[in-house]
Amino acid sequence: MRALKVLGLTLCLSGCIYAGEMSLWPERDDFVVGLSSYNIEYLDKDGPSLIKTETVTESDFAPNKLLTAYKGYSIADTKSYTRNYYTQESIVAPTDAEMISGLSPISIKADKKYDIIGRTDIDEVIYALVPNPESKDVFLVRNDGTLFDQVGAIRGDKLKLLDTKYRVTPASFRFEPVTTSKIVQSEMAWGVEIKYDGIKLNRIVFTVMEYDQRNGESGNFVKYSYPNRPGEIDIRGMTIRVFEANDAKIEYMIVAG
């Protein structure tokens with residue numbers, strides 16, 4: 001009977017042991033992690049963050065100047081593009097540094113750029129989270145570039161602080177902020193081109209080609225004709241002053257302002 005009691009006690013104690021990476025009490029494990037973990041506000045996981053989008057319109061004609069265009073050539077060309085501005089927050093180590101504890105030191109290499117993946121709030125202090133390329137840990141970096149004396153491990157959307165505490169050497173070490181940016185311009189989203197098509201039945205003929213890719217549409221062509229005489233004409237809201245036109249060329253001015 002005593003042997004059975006000892007065996008039962010042994011089985012109960014073994015219930016507290018971890019088998020490799022598996023906890024035999026996962027519910028208790030989750031409870032402990034929840035108490036010692038912090039929420040993470042991730043930056044854009046897909047890469048640089050989009051900070052601004054704008055539409056850029058470019059025209060290749062000079063307004064209020066006497067111009068000449070030959071038959072089949074453009075007299076005015078306007079195109080619009082979408083331009084996206086992206087930014088990536090990073091930090092760089094100005095010198096080599098180490099985080100020292102009773103364990104193996106963690107090395108930080110000079111001039112290496114470390115990307116910031118998110119932020120967390122610990123005791124009302126905001127820390128940037130920076131992956132350590134040498135392990136699965138993350139550094140915690142204050143706004144002034146100094147390091148927290150513990151590293152963290154990310155579990156899902158939570159940050160768990162590991163128990164080991166470190167001393168940073170040199171003590172004056174600070175990460176320096178680096179912000180990189182890039183501009184990505186789309187293919188032409190919209191455009192209008194006016195071409196001179198000569199004289200037909202004593203009328204000045206133009207072909208207007210409009211391209212609209214914003215809704216997956218292609219271009220269309222429209223013919224416009226006007227009496228062949230000096231004066232101002234309006235094509236799609238653009239004022240054109242005609243001085244002289246024949247079947248070979250036209251002398252004109254784009255009136256602006």
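- Rounding to the nearest 0.5 Å gives a distance of 4.5 Å between OG1 of Thr164 and CG of Leu103.
- Closest heavy-atom contact between Ile254 and Ile75: CD1-O, 4.2 Å.
- Judged as a side-chain contact (heavy atoms from CB on, under 4.5 Å), and not counting sequence neighbours, the contacts of Glu244 are Glu251.
- Sorted pairs that involve residues 97-109 and meet side chain to side chain donor-acceptor pair (under 3.5 Å), not counting sequence neighbours, are lacking altogether.
- Residues meeting the side-chain contact (heavy atoms from CB on, under 4.5 Å) test with Gln150, sequence neighbours left out: Phe148, Leu161, Lys165.
- Pairs of residues two or more places apart, or lying in two chains, that qualify as ring pair (Phe, Tyr, Trp, His ring centres under 6.0 Å) and include a residue from residues 149-183 are Tyr114-Phe175, Phe173-Phe175.
- Residues Lys200 and Val205 approach most closely at CB-CG2, 3.9 Å, considering heavy atoms.
- Residues Tyr73 make up the rest of the hydrophobic cluster containing Tyr70, defined by ILVMFWY side-chain heavy atoms closer than 4.5 Å, directly or through other members.
- Take Asp137 and apply the salt bridge (Lys or Arg N to Asp or Glu O under 4.0 Å) test, not counting sequence neighbours, and it matches no residue.
- For residues 116-131, every residue pair satisfying the side chain to side chain donor-acceptor pair (under 3.5 Å) rule, not counting sequence neighbours, is listed here: Glu89-Arg119.
- With hydrogens and angles left out, the side-chain atoms of Thr207 and Lys223 include a donor and acceptor closer than 3.5 Å.
- In this structure, Lys65 has no salt bridge (Lys or Arg N to Asp or Glu O under 4.0 Å) partners at least two apart in sequence or on a different chain.
- Exactly one of Ile117, Asp115, Ile116 qualifies for a side-chain contact (heavy atoms from CB on, under 4.5 Å) with Pro131. That residue is Ile117.
- Rounded to the nearest 0.5 angstrom, Ile126 CD1 and Glu41 CD are separated by 8.0 Å.
- Residues that satisfy the side-chain hydrogen bond (donor to acceptor under 3.5 Å, both in side chains) test with Asp144, not counting sequence neighbours, are Thr146.
- Pairing each heavy atom of Pro94 with each of Asp111, the nearest pair is O-OD1, 4.4 Å.
- Between Ala153 and Leu162, the shortest heavy-atom contact is CB-CD2, 4.1 Å.
- When the shell of 6.0 Å around NZ of Lys79 is examined, it contains more than 12 heavy atoms from other residues, nucleotides or ligands.
- In this structure, the salt bridge (Lys or Arg N to Asp or Glu O under 4.0 Å) partners of Asp247, at least two apart in sequence or on a different chain, are Lys71.
- The local environment of CG in Leu201 is sparse, with at most 12 non-hydrogen atoms from other residues, nucleotides or ligands closer than 6.0 Å.
- By the side-chain contact (heavy atoms from CB on, under 4.5 Å) test, Ser172 is found to be paired with Pro170, residues two or more places apart in sequence or in another chain being considered.
- The two atoms that bring Ala245 and Tyr196 nearest to each other are CB-OH, 3.7 Å, heavy atoms only.
- For the atom pair CD of Glu58 and CG of Asp77, the computed distance is 10.0 Å after rounding to the nearest 0.5 Å.
- For residues 224-238, every residue pair satisfying the side chain to side chain donor-acceptor pair (under 3.5 Å) rule, not counting sequence neighbours, is listed here: Arg203-Ser225, Glu210-Arg236, Glu232-Arg241.
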